[in-house]
Amino acid sequence: MKKATGKQAAGKKAAATGKKAAADTGAKTSAEKAPAKTAAAKKAAVSKAAAKKAPAKKAAAKKPVVKKAAPPRKVAVAPKKATAAVAGASPAKTVAPKPPGGESRTALVRRARRIDRELAEVYPYAHPELDFENPFQLLVATVLSAQTTDLRVNQTTPALFAKYPTPEDLAAAVPEEVEEILRPTGFFRAKTKSVMGLSKALVEEFGGEVPGRLEDLVKLPGVGRKTAFVVLGNAFGRPGITVDTHFQRLVRRWKWTEETDPDKIEAAVGSLFPKSDWTMLSHHVIFHGRRICHARKPACGACPIAPLCPAYGEGETDPEKAKKLLKYEKGGFPGQRLKPPQSYLDAGGKPAPPLGAG
């Protein structure tokens, strides 16, 4: 009985040990499995989080694409920036209009100044073609030159100034007597009113002296900017551009400007040259317009600036035929003045005949 009991006790002890070992093994297995599950869970969580973040990244990647496509919509903003930049630029580049014909402004300025230099060589004796001995005579003669030639005015003014040499004399004249003297110039009644009116204004407002300022001259009856600049440039030595019919025609033919209003032409052409050149530039252009570049039939074949002229071919291009179209000293004919400068006579120019001469 005791042995059996011992065996039974040993069996129970072995069973208990086995259960404990099994329990320990199970606990160990659970413990080992738990970290595995935790690692797997973490991995799954990371994968899940990555999956959630991926769309966000893709969405974030897509947003810049939309922004890149947006700039075309912002084109309207560019002019504002450009305008702001232009506002601070120099007036010569922003105010001056774009040259006609696609020519750059720099090229236009160079061509215009070269034309003037060429004309200065052709007409070194260029001068105002109205006879005068003082500012008053030049002012009156310029007013009378409207709608007629300088030659006709020069043939008429000797008798006028002989009888009325001063503003005081002309202001006190009998209108009918003045009209009779001025009849050859055309529009003699209106011109009589103008010259007598400006004479009276000179006496009453300027002590009988011709003012040397533009703002004063244009206030006188019958005196506009063209007349004022003729007087300022040639009687006072103050630069000015004379925009007469010849000047308007030539600067448009040369594509210096497309303007038609005299004041705008004056501003456009003036921006191409130094102010000191304005008076002589006017003489060069007007001389050329009267002698070679005529209104109806310019003598293109005899023109010294033909290579620089965009309008070459509008007139006669045959050299021999073109020479027959030349006027004044270029064609061997008398000039506009009865008493021209000596430099003009030295160059072969001939004085004009007095009024009534055969």
Side-chain angles (χ1 to χ4, degrees), residues 127-238 240-248 262-263 266 279 282-283 286 336-340 351-357:
H127 59 273
E129 295 192 272
L130 287 169
D131 284 322
F132 69 98
E133 295 178 356
N134 54 57
F136 172 63
Q137 290 187 0
L138 178 58
L139 177 60
V140 171
T142 306
V143 171
L144 296 178
S145 67
Q147 304 299 318
T148 190
T149 64
D150 287 356
L151 171 59
R152 181 60 66 185
V153 173
N154 291 336
Q155 292 173 330
T156 304
T157 51
L160 179 70
F161 295 139
K163 191 169 185 178
Y164 311 106
T166 68
E168 291 84 357
D169 295 326
L170 192 53
V174 177
E176 290 76 15
E177 294 180 0
V178 176
E179 288 178 0
E180 192 58 34
I181 295 175
L182 300 183
R183 186 180 292 274
T185 65
F187 304 97
F188 57 92
R189 290 190 178 87
K191 290 180 179 180
T192 295
K193 185 177 180 180
S194 292
V195 297
M196 290 187 67
L198 69 84
S199 296
K200 185 178 179 180
L202 289 176
V203 173
E204 295 179 350
E205 300 177 27
F206 301 100
E209 298 292 332
V210 176
R213 299 196 313 163
L214 175 65
E215 52 267 39
D216 293 329
L217 285 169
V218 295
K219 293 178 183 178
L220 299 173
V223 179
R225 290 179 67 87
K226 169 199 163 185
T227 298
F229 280 131
V230 170
V231 175
L232 290 174
N234 299 287
F236 292 97
R238 297 177 183 174
I241 294 178
T242 304
V243 185
D244 70 351
T245 55
H246 301 288
F247 194 93
Q248 292 184 49
D263 290 351
E266 175 196 324
T279 299
S282 300
H283 292 326
I286 294 171
Q336 300 274 283
R337 296 183 66 164
L338 278 68
K339 298 178 181 179
L355 184 63

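The 12-atom threshold is exceeded at CD of Glu168, counting heavy atoms of other residues, nucleotides or ligands nearer than 6.0 Å. Counted within 6.0 Å of CD on Glu215, heavy atoms from surrounding residues, nucleotides or ligands total more than 12; the atom is thus considered enclosed.
Here the side chain of Gln336 pairs a donor or acceptor atom with the backbone of Leu151 at under 3.5 angstrom. A donor-acceptor pair is defined here as one N or O able to donate and one able to accept, closer than 3.5 Å; such a pair exists between the side chain of Asn154 and the backbone of Asp131. Between the side chain of Gln248 and the main chain of Pro262, no donor-acceptor pair closer than 3.5 Å is present. For the pair Lys163 (side chain) and Ala173 (backbone), a donor-acceptor distance under 3.5 Å is absent.
For the side-chain contact (heavy atoms from CB on, under 4.5 Å) with Thr142, the qualifying choice from Thr242, Asp150, Thr227 is Thr227, the only one to do so. Exactly one of Val195, Leu182, Val153 qualifies for a side-chain contact (heavy atoms from CB on, under 4.5 Å) with Leu160. That residue is Leu182.
Two residues are said to be in side-chain contact when any heavy atoms from C-beta on lie closer than 4.5 Å; Tyr164 and Val140 fail this criterion. Residues Val210 and Phe236 have side chains in contact (heavy-atom distance under 4.5 Å, counting atoms from C-beta outward). Proximity of Leu139 to Leu202: side-chain heavy atoms (C-beta onward) are separated by under 4.5 Å at one or more points. Looking only at side-chain heavy atoms (C-beta outward), Leu217 and Arg225 stay at 4.5 Å or farther from each other. Side-chain contact check for Met196 versus Pro175: some heavy-atom pair is nearer than 4.5 Å. For the pair Phe136 and Ser199, the minimum side-chain heavy-atom distance is below 4.5 Å.
Between Gly240 and Phe229, the closest heavy-atom pair is CA-CD2, 3.5 Å. In plain terms, the two heavy atoms of Pro158 and Leu338 that are nearest each other are CG-CD2, 4.5 Å. Of all non-hydrogen atoms in Glu266 and Ile241, the two that sit nearest each other are O-CD1, 3.8 Å. Residues Thr148 and Thr185 come closest through the heavy atom pair CB-O, 3.5 Å. Across all non-hydrogen atoms, the minimal contact from Gly222 to Val143 is O-CG2, 3.8 Å. Closest heavy-atom contact between Pro184 and Leu355: CG-CD2, 4.2 Å.
The distance from atom NZ of Lys193 to atom CZ of Phe187, rounded to the nearest 0.5 Å, is 15.5 Å. A distance of 13.0 Å separates CG of Asp216 from CD of Glu209, quoted to the nearest 0.5 Å. Note that CZ of Arg183 and OG1 of Thr192 are 9.5 Å apart. Values are rounded to the nearest 0.5 Å. With values rounded to the nearest 0.5 angstrom, Gln137 atom CD is found 4.5 Å from Phe161 atom CZ. If you take CD on Glu177 and CD on Glu179, they are separated by 10.5 Å, rounding to the nearest 0.5 Å. To the nearest 0.5 Å, atoms NE2 (His283) and CD (Glu129) are separated by 9.0 Å.
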Audit row: Leu214, Arg238, side-chain contact (heavy atoms from CB on, under 4.5 Å) steps and yes/no: CA-CA 10 Å; Leu214 175 65; Arg238 297 177 183 174; over 6 Å; no
side-chain contact (heavy atoms from CB on, under 4.5 Å) between Phe247 and Lys226, intermediate numbers included: CA-CA 11 Å; Phe247 194 93; Lys226 169 199 163 185; over 6 Å; no
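By the side chain to side chain donor-acceptor pair (under 3.5 Å) test, Asp169 pairs with Thr166, sequence neighbours left out. His127 is linked by a ring pair (Phe, Tyr, Trp, His ring centres under 6.0 Å) to Phe287, Tyr344, counting only residues two or more places apart in sequence or in another chain. With sequence neighbours excluded, the residues forming a side-chain contact (heavy atoms from CB on, under 4.5 Å) with Pro351 are Pro340, Leu345, listed by chain and number.
Between Glu205 and Lys219 there is no salt bridge, since no side-chain N of the basic residue sits under 4.0 Å from a carboxylate O of the acidic one.
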